Amino acid sequence: MIRISEVYKYRGHECVINGVNLVIPQGTQVGLIGPGGAGKSLLMKICAGLVRPDSGSVLIDGTEVVGIGDVEMTSVRSKIGMLFQNYALFDFMTVEENIGFPLRQLGGRTEEEIRDEVNRLLLAVDLPNTQKLFPNELSGGMKKRVTFARAVIANPPILFYDDPTAGLDPVTSGKIFALLEERRERGGTTSIVVSHDILGMRDICDSFVLMDHGRIVFSGTREEIEASTRPFVGQFWRGEADD
Amino acid sequence: MTKHTQAYVAALSPTQRRIAQLGVIFVPIVTQVTEILRVGSLAFYYAFKKPIRWREVVQQSFFIGNRSLAFVMIVLGFLGMILIFQSGFQAKRIVGDLQGMGALYLQLLFREFAPTVTALMLATRVGTGIAAEIGSMVVTEQVDALRMNNAEPIQYLVVPRLLASIVMTFVLSCVALCVAFGTGMFVANTVFEVNVATFYNTSLLEWGDLIIFSLKALAYGITIPIIASQAGLSAFGGSEGVGTATTMAVVNASLAVTILDFVLSGVGYIFFFS
Amino acid sequence: MQALSPFKLLSRFGAAFMEVALDVGGMAVLLYKVIRCFFPPKLDGMETWRNLYKVGVKSAPIVVVTALLTGAIMVIQSGALVAQFDAFGLLGWGAGFATLREVGPIMIGLMFSGRVGANNTAELGTMKVTDQIDALRALAIDPITYLLVPRFIAIVLMMFLLTIVGDLTALVGGAYTGQVLLGVSPSLFASSVIEYIKLEDLFNGLFKAFTFGVAIAVVSSHYGMTTSGGAVGVGRSVNNSVVASAVLIFVLDYFITSILH
Ligand SMILES: Nc1ncnc2c1ncn2[C@@H]1O[C@H](COP(=O)(O)OP(=O)(O)OP(=O)(O)O)[C@@H](O)[C@H]1O
Ligand SMILES: [Mg+2]
């Protein structure tokens, strides 16, 4: 379970995360949506303990992650998988080494097992025979799929997907969403999905949170959001331009 | 500024406020020094903790050597010629005798020029390299990805560079010493007609010179990668951030080398040579 | 490392040589283009003024600190010798001569290259990789006159002026250290400087400073303007720029020293 309470983050005098409260129950998949610059990526990084908020608290399975060091975070971090919006692939490692990295860090597996697991995932994301390539030899969409594979390879119970389908063609994007759905159905994974592809996300999330200017402006299930009478919520959900 | 300091500053008279603003100059210096010390102490903590990525240490040593060997040799070669040129003409004018030049030159190379000029060159070559590498890993979030996988960036990135740099700074300083002495000998021989056997004179060398040489090489070898790593880790923004980090690395590292040189030369003088 | 065949080694050497030749050629063309802008003078007054201010403010503190320490180190290193021969009257000459002619311009040049040269490369490089330079061209603004000429003037002039400041500071640092470490009074130090050091020594050093300034300006602008490849590329350019500047400083110093004798 993830419990975010009263989180504030300033950049200079500007408030970029403005008093966010959110509870994500065990085993649910939450869709985090909102216009560009709303603070979605930043909120995720705060949850992962990568950015320290100016105030507030974030509990992950009962452990406070705000203000503790990387060493104390070890046990929490090994539960979290993260797909970065801007790939964050290690450019000095091959695709194979990148994807296998989390398993290698966890230890307890032979190189053989790691290689098999990597190959299985590469097949699942439709990237066969790319094992020996380096990230700078991949297209944007290919990189996205590699980060996806790296995020999920260790089967972490908590997953943060930051824009997993950006830059992908509709077919591949559908495949990635199908993989997310498959993971959700297996159960036990608590996850946050950030995406601008609301059509693709509609069916795979248990609930939705809409952010704007660092605040949560609406949260609820798909039915609730569709029934909302607030103009901003409806407009954003249906992707209409305001005038 | 916190609200508390804001209120405090508001209550000051204009003159007082102007004086208080002087503090603004020191705040970044103090924060940077603290940050460097933090990275440094963490690096040492992890350097004595397993696991150490020895393969990476070897690879980094190779990088440092491969990247800077030619550079250090060219610079120190020219420096050796310059030094003998200048001191030769001066000695001829004032002292009139060039026989003792080689011995003095060798001593000065040990105490000062070989380790320090090598370090200044490594600060530019290796310092910018480390800052650029780590800096671009920070701005492309690779460092965040490391942290997410419980690979502590300081242990994973800084420690191998630190160990490699300690070894290679010493090795390159020795190479530098030989090259600078060789080119100096060449100029002494061709321009001032000093016999090679006369020039090669170790009579003035003491243990103190060797100790100062090693101490300096060790201190520089530790300081440069730590300062450069700190600069890289503090990068933010895009390509601009990497540029700023690399600039910061050269400046801070060169300045640190100069300060260490001053301190260690003073220590050497007081303990060994006075 | 796998063994290299002689042919491979040769071709690798050739490639490295070609790269250096390309850079040197690029720098020469750049220098020519910048100098051409002075006949007749074509430059942006405001931009030049802004650059002078920026370069001066940015590098003055570090030059002063470096010079102080350099003067002190020169005295420490000659201390043992001076004490051994009881030649306290020569301390000012020894430290002063070395500082004015060699160590001053070299140390200030290296620091200046790190502070200003690296910054210049980083700035131009960032503009290049984010297509800002092409944007200027698209607006019919010549990047050479608008961006490079003001930077050239600022770098060369400030390097020259700061060397004067640095020389003075280094002498002060030397005199003070001489007093603390060897008990040589500042007045003895000063009279030794005045007696033995000729104006020619100062001018020799300042001429070097001027040349180093030109070298730093050309090298840093060249590597900035030829940057490619995003954030990594900017880092690489800065690295190349400071390394090339350092090599040029020592090589130029050698030739100036040997020719002017
Ligand atoms: N470490 C940080 N500290 C302070 N502010 C930050 C930090 N990182 C990002 N920000 C600011 O937070 C704001 C929100 O950025 P964020 O990347 O979270 O937007 P986003 O909702 O993910 O947008 P997009 O949909 O375009 O990805 C921006 O104004 C950004 O400048
Ligand atoms: Mg985002």
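Note that the structure is a prediction, hence the values are computed from the model and not measured. Quick note on labels: first sequence line is chain A, next is B, and so on, each numbered from 1.
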Quiz item: Where does B:Phe262 contact chain C at under 4.5 Å (heavy atoms): side chain, backbone, both or neither?
Solution: both
Exercise. Determine the minimum heavy-atom distance between C:Phe250 and B:Ile82, stating which atoms define it.
Key: O-CD1, 3.6 Å
Practice problem: Please name the pair of heavy atoms, one in B:Ser265 and one in C:Ile73, separated by the smallest distance, quoted to 0.1 Å. | Solution: OG-CG2, 4.3 Å
Quiz item: Does any heavy atom of chain C fall under 4.5 Å from the side chain of B:Ile259, the backbone, both, or neither of them?
Solution: both
Practice problem: Among the options C:Gly233, C:Gly230, C:Ala118, pick out the one with the most heavy-atom pairs lying under 4.5 Å from chain B. | Solution: C:Ala118
Quiz item: So, for B:Ala132 and C:Gly235, which heavy atoms are closest and what is the spacing to 0.1 Å?
Solution: CB-CA, 3.6 Å
Quiz item: Does some side-chain heavy atom of C:Val243 sit less than 4.5 Å from a side-chain heavy atom of B:Met121?
Solution: no
Quiz item: Checking side chain to side chain contact (heavy atoms under 4.5 Å, CB included) for the pair B:Thr246/C:Asn239: CA distance, chi angles, key distance, verdict?
Solution: CA-CA 8 Å; B:Thr246 30; C:Asn239 197 328; over 6 Å; no
Self-check item: Per-residue contact mode, C:Ile256 against chain B (heavy atom under 4.5 angstrom)
Solution: neither
Quiz item: Under 4.5 Å between any side-chain heavy atoms of B:Gln86 and C:Phe97, yes or no?
Solution: yes
Quiz prompt | Interface moiety of C:Met107 toward chain B, non-hydrogen atoms closer than 4.5 Å | solution = side chain
Quiz item: Run the side chain to side chain contact (heavy atoms under 4.5 Å, CB included) check on C:Asn240 and B:Arg125 step by step: do they pass?
Solution: CA-CA 8 Å; C:Asn240 287 336; B:Arg125 184 63 172 151; 4.3 Å; yes
Practice problem: Calculate, to the nearest 0.5 Å, the distance between atoms OG1 and NZ belonging to B:Thr247 and C:Lys58 respectively. | Solution: 8.5 Å
Quiz item: Using non-hydrogen atoms only, which part of B:Ile74 is less than 4.5 Å away from chain C: side chain, backbone, both, or neither?
Solution: side chain
Quiz item: With only heavy atoms counted, which part of B:Val139 is less than 4.5 Å from chain C, the side chain, the backbone, both or neither?
Solution: side chain
Self-check item: Close side-chain approach of B:Phe78 and C:Asp253, heavy atoms under 4.5 Å
Solution: no
Quiz item: So which part of B:Val126 gets closer than 4.5 Å to some heavy atom of chain C, the side chain, the backbone, both or neither?
Solution: neither
Quiz item: If every non-hydrogen atom of C:Thr130 is compared with every non-hydrogen atom of B:Ser239, which pair is closest and at what distance?
Solution: CG2-OG, 4.3 Å
